[in-house]
Amino acid sequence: TPWLDWSTVTDGTAVHYQLQVDDSADCLSPVVSKTWLNGSSWFVDTVLPDGVYYWRVRAVDAAGNTSAWTSAWTFTVDTAAPAVPTLVTPANEKVTTDSTPWLDWSTVTDATAVHYQLQVDDSADCLSPVVSKTWLNGSSWTVDAALPDGVYYWRVRAVDAAGNASAWASAWTFRVDTTAPAVPTPLTPANGKVTTDSTPWLDWSTVTDATAVHYQVQVDNSADFSSPVESKTWVNSSWWTVTTALSDGVYYWRVRAVDAA
């Protein structure tokens, strides 16, 4: 039931107005037709369904002389909220070293133009966002201030040109982790150990971290580890048995921890 307003027409005699609202540009079958309005504005008194409407006005003086109709203007009634966006990137529960991650979601189409609102919070209730954007035109955005290490919840909603807002997308989480895990401590075999076992068991301390940890192990016959005879890039446990029999000689071994980021 929008408010329609037009300029006041002055004449040698009293003037009233006639108004039409139609869902067709030719205005041949108006959904609203008023033949006598004394003022230069009027609230539509019938609820209009969603859609595009054309409206026009003309002035009529006391002698019955009528002006031409104004050129029709359009307005759109839109009471329906747009669809809820779908979060895309980063994947839910993603661990990243990027403290300014790129956030991406599905594009929402609507009868009118759509923009997006986005929140990033360190609490699941999203009541005190550390990032809050009220107007984003595209369906992706890069966080513009470095986030400290921790877990974050993010969500998006769509808002159409009429101000109708969708529900918030269910929040996804990501973890910013820019801190390397601790260095493991080699345990077995003891440093300098002499053994008859050509496939020795290597053991080291377990490293704990905010995220899951795996290990990388190298065995080399040179202290510079320039050409390892064994190199494992992913060992889940804090021990490993050499899988290829080693020739007699001195070997150097080392291990490092790698977290989920």
Side-chain angles (χ1 to χ4, degrees), residues 1-87 103-120 126-129 131-145 154-169:
T1 58
W3 180 59
L4 308 179
D5 184 36
W6 54 93
S7 64
T8 300
V9 172
T10 56
D11 190 76
T13 63
V15 169
H16 68 274
Y17 303 91
Q18 295 178 343
L19 177 144
Q20 292 179 333
V21 179
D22 202 331
D23 54 9
S24 176
D26 59 18
C27 294
L28 294 180
S29 53
V31 294
V32 174
S33 182
K34 295 296 176 180
T35 59
W36 195 293
L37 296 172
N38 288 314
S40 60
S41 64
W42 179 70
F43 275 103
V44 176
D45 55 7
T46 301
V47 175
L48 299 173
D50 284 12
V52 176
Y53 293 90
Y54 303 81
W55 71 285
R56 63 183 186 175
V57 180
R58 67 180 178 182
V60 183
D61 66 18
N65 301 304
T66 59
S67 73
W69 287 103
T70 61
S71 297
W73 279 14
T74 67
F75 62 86
T76 300
V77 175
D78 178 8
T79 61
V84 179
T86 300
L87 306 185
L103 308 179
D104 182 39
W105 55 93
S106 65
T107 299
V108 171
T109 56
D110 191 76
T112 63
V114 169
H115 67 273
Y116 303 92
Q117 296 180 341
L118 176 145
Q119 294 179 333
V120 179
C126 294
L127 293 179
S128 53
V131 174
S132 181
K133 296 295 176 180
T134 58
W135 196 294
L136 296 172
N137 288 316
S139 60
S140 65
W141 181 71
T142 300
V143 176
D144 55 7
W154 71 287
R155 62 182 187 174
V156 179
R157 68 179 178 182
V159 183
D160 66 20
N164 301 304
S166 74
W168 287 102

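Between the CG atom of L19 and the CG atom of L37 there is a distance of 6.0 Å, given to the nearest 0.5 Å. Atom OG1 of T1 and atom CG of D45 lie 9.0 Å apart (nearest 0.5 Å). In this structure, the separation between CG on L48 and OG1 on T76 is 11.5 Å, given to the nearest 0.5 Å. Separation of atoms NE2 (H16) and OG1 (T66) is listed at 9.5 Å; rounding is to 0.5 Å. In this structure, OG in S41 is found 9.0 Å from CG in L4, a value given to the nearest 0.5 Å. For the atom pair OG1 (T35) and CD (Q18), the distance works out to 6.0 Å, reported to the nearest 0.5 Å.
F75 and P2 get closest at one heavy-atom pair: CE1-CG, 3.7 Å. Looking at every heavy atom in both residues, A169 comes nearest to P85 through CB-O, 3.5 Å. A72 approaches R56 most closely through the heavy-atom pair CA-CB, 4.3 Å. Closest heavy-atom contact between P82 and V108: CB-CG1, 3.9 Å. Scanning both residues, W154 and D104, for their nearest heavy atoms gives CH2-O, 3.3 Å. Annotation for Y54 and C27: closest pair CB-SG, 4.3 Å, computed over non-hydrogen atoms.
Residues V84 and W105 fail the side-chain proximity criterion, which asks for heavy atoms closer than 4.5 Å.
Judged by distance alone, with hydrogens and angles left aside, the side-chain atoms of D78 form no donor-acceptor pair with the main-chain N or O of A161 at under 3.5 Å. Using a distance-only test at 3.5 Å, with no hydrogens or angles considered, a donor-acceptor pair links the side chain of S67 to the main chain of A59.
The side-chain contact (heavy atoms from CB on, under 4.5 Å) test with Y53 singles out one residue from V44, T74, V31, V32, and that residue is V31.
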Trace of the side chain to side chain contact (heavy atoms under 4.5 Å, CB included) decision for W42 with V57:
CA-CA 11 Å; W42 179 70; V57 180; over 6 Å; no
Between D22 and S24, does the side-chain hydrogen bond (donor to acceptor under 3.5 Å, both in side chains) criterion hold? Intermediate values first, please.
CA-CA 5 Å; D22 202 331; S24 176; 5.1 Å; no
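No more than 12 heavy atoms of other residues, nucleotides or ligands lie within 6.0 Å of CH2 in W73, so this atom counts as exposed by the packing criterion.
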